Amino acid sequence: MTDYNQALTVTEAIRRGQALDGEGVYWIEEPTRHDDYAGCARIAAALKTPVQIWRELRRRPAMATALAAGACDYVMPDLERIGGVTGWGSAPRHWLRR
């Protein structure tokens, strides 16, 4: 795993991610701004290495928006920000109903 902590532009994230493809990295975490779902979708589409998004997602609707945009391969919601145990536990059912 490599974590860029939202520090890269989309172009730079794609460049670095492609350099890491084939190196055995399990996922690339937080490559660009937490609210740039379209940019993250471009990164995820361009890379073989999975992209994981943010603890910054607040509530289930934001996560549903990110997933609908194709912004990631993996998600790692922060328990407090997703609405506690109830929000975290109900998030998968929320997405399946879409």
Side-chain angles (χ1 to χ4, degrees):
M1 181 275 271
T2 184
D3 186 349
Y4 288 110
N5 202 26
Q6 305 180 47
L8 305 177
T9 65
V10 172
T11 301
E12 183 66 10
I14 291 170
R15 187 187 71 73
R16 290 185 188 201
Q18 288 174 335
L20 291 170
D21 280 344
E23 293 296 325
V25 174
Y26 287 104
W27 71 81
I28 295 171
E29 186 170 324
E30 299 183 328
T32 197
R33 282 189 0 242
H34 75 276
D35 59 349
D36 185 0
Y37 303 141
C40 282
R42 287 180 38 217
I43 295 165
L47 303 182
K48 295 175 187 160
T49 305
V51 172
Q52 182 268 312
I53 61 170
W54 308 279
R55 296 173 296 271
E56 297 296 325
L57 288 169
R58 298 180 190 277
R59 308 282 184 224
R60 291 174 299 170
M63 200 170 256
T65 300
L67 292 170
C72 62
D73 300 293
Y74 304 149
V75 293
M76 182 173 51
D78 179 274
L79 186 61
E80 180 181 351
R81 292 177 179 158
I82 197 73
V85 173
T86 301
W88 186 79
S90 67
R93 289 187 301 277
H94 176 77
W95 301 320
L96 290 173
R97 284 194 295 259
R98 290 181 37 240

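Quick note: residue numbers are just sequence positions, from 1. What you are looking at is a predicted structure, and each value in this text was computed from that prediction instead of being measured.
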Reported [atom1]-to-[atom2] distance for the pair [X] and [Y], which is rounded to 0.5 angstrom:
X	Y	atom1	atom2	value
Arg15	Leu47	CZ	CG	12.0 Å
His34	Asn5	NE2	CG	12.0 Å
Cys72	Glu30	SG	CD	12.0 Å
Met1	Glu29	CE	CD	4.5 Å

Closest non-hydrogen atom pair between [X] and [Y], with its separation:
X	Y	answer
Thr32	Cys40	CG2-SG, 3.5 Å
Ala69	Tyr37	CB-CB, 3.9 Å
Ala71	Ile53	O-CG2, 3.7 Å
Ala44	Gly70	CB-O, 3.9 Å

Partner residues of Arg33 under the side chain to side chain contact (heavy atoms under 4.5 Å, CB included) criterion, sequence neighbours left out: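 Result, side chain to side chain contact (heavy atoms under 4.5 Å, CB included) vs Arg33: Asp35, Asp36.
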Listed partners of Asp21 passing side chain to side chain donor-acceptor pair (under 3.5 Å), at least two apart: Thr49
Partners passing side chain to side chain donor-acceptor pair (under 3.5 Å) against Gln18 (at least two apart in sequence or in another chain):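 Listed in chain order: nothing, the list is empty.
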Co-membership, hydrophobic cluster, residues Leu67 and Tyr74, 4.5 Å side-chain: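 No: no chain of side-chain contacts under 4.5 Å links Leu67 to Tyr74.
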Qualifying residue, where the test is side-chain contact (heavy atoms from CB on, under 4.5 Å) with Ile43 and the options are Ile14, Thr11, Leu8: Ile14
Test applied, side-chain contact (heavy atoms from CB on, under 4.5 Å); reference residue, Pro31; option that passes from Val51, Val10, Asp3: Val51
Chi angles and distances behind the side chain to side chain contact (heavy atoms under 4.5 Å, CB included) call for Tyr4, Arg16: CA-CA 10 Å; Tyr4 288 110; Arg16 290 185 188 201; 3.5 Å; yes
